[in-house]
Amino acid sequence: VQLQASGGGLVQTGGSLRLSCAASGRTFSSYVMGWFRQAPGKEREFVAAIGGSLRYAEFVKGRFTISRDNAKNTMYLQMNSLKPEDTARYFCAAVAIWRGTTAAQSEYPYWGRGTLVTVSS
């Protein structure tokens, strides 16, 4: 499966953005989809995943919402109440659904190039 993330940009503290991840292929519903991010000088980290269940990193609970539209082969990440520390490149990833809604990036074999989110203070 090929993935393409979009929707990043520059936003002020407290603002919102919605990221999208478009997937190729006809078996989108058979994948767990995840969002990860990598801030400058830091390791890539888990943000959220959606499969048979939803899973969020603690630092985004209550602010970010992950969703998917299987008919459109697209996953979304609605980000509200953005903070400067949310500045990062956001990547979408996919793994076969039998793996479960995992937060472990090593288990995701398919990755998009990422989209840059910059939150100004």
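Qualifying side-chain contact (heavy atoms from CB on, under 4.5 Å) partners for I97, counting only residues two or more places apart in sequence or in other chains: V32. Every residue two or more places apart in sequence or in another chain that forms a side-chain contact (heavy atoms from CB on, under 4.5 Å) with S81 is listed here: R63. Residues that satisfy the side-chain contact (heavy atoms from CB on, under 4.5 Å) test with K42, not counting sequence neighbours, are A39. Contacts of Y108 classified as ring pair (Phe, Tyr, Trp, His ring centres under 6.0 Å), with partners at least two apart in sequence or in another chain: F36.
Side chain of R55 to backbone of T101: a donor-acceptor contact under 3.5 angstrom is found. Between the side chain of S24 and the backbone N or O of Q2, at least one donor-acceptor pair lies under 3.5 Å. Although no hydrogens or angles enter the test, the distance criterion places no donor-acceptor pair under 3.5 Å between the side chain of S29 and the main chain of T27. Looking only at distances, no side-chain donor or acceptor of R44 sits under 3.5 Å from a matching main-chain atom of Q38.
Side-chain contact between F46 and Q105: absent, with no pair of heavy atoms (C-beta onward) separated by less than 4.5 Å. Contact of the N70 side chain with the R68 side chain is registered, since non-hydrogen atoms from C-beta on lie closer than 4.5 Å. Side-chain contact between Y90 and L116 is absent, with no heavy atoms from C-beta onward closer than 4.5 Å. Under the 4.5 Å side-chain criterion, counting only non-hydrogen atoms from C-beta, L19 is not in contact with S6. Counting only heavy atoms from C-beta outward, the side chains of W35 and I66 approach each other to under 4.5 Å.
For the residue pair F28 and M75, the shortest heavy atom distance occurs at CZ-N, 4.0 Å. The two residues S121 and P84 have their closest heavy-atom pair at CB-CG, 3.9 Å. For the residue pair T102 and A49, the shortest heavy atom distance occurs at O-CB, 3.9 Å.
Here the straight-line distance linking atom CZ of R37 with atom CZ of F91 works out to 12.5 Å at 0.5 Å rounding.
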Just distance, no hydrogens or angles: give the donor-acceptor pairs under 3.5 Å from side chains in residues 7-18, sequence neighbours left out.
from: T13; atom 1: OG1; to: S120; atom 2: O; distance (Å): 2.7
from: S16; atom 1: OG; to: N80; atom 2: OD1; distance (Å): 2.9

- Hey, mind stepping through V119 and K83 against side chain to side chain contact (heavy atoms under 4.5 Å, CB included) and telling me if it holds? CA-CA 6 Å; V119 185; K83 306 174 182 179; 5.5 Å; no
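Cluster annotation: M33 is connected to Y56 through the hydrophobic network of ILVMFWY side chains, with a link wherever side-chain heavy atoms come within less than 4.5 Å. Linking ILVMFWY residues whenever their side-chain heavy atoms come closer than 4.5 Å, directly or via other members, leaves Y31 and Y76 in distinct clusters.
Every pair passing disulfide (SG to SG under 2.5 Å) that includes a residue from residues 35-103 is listed here, sequence neighbours excluded: C21-C92.
Checking T115, V47, V60 one by one against L77, the side-chain contact (heavy atoms from CB on, under 4.5 Å) holds for a single residue, V47.
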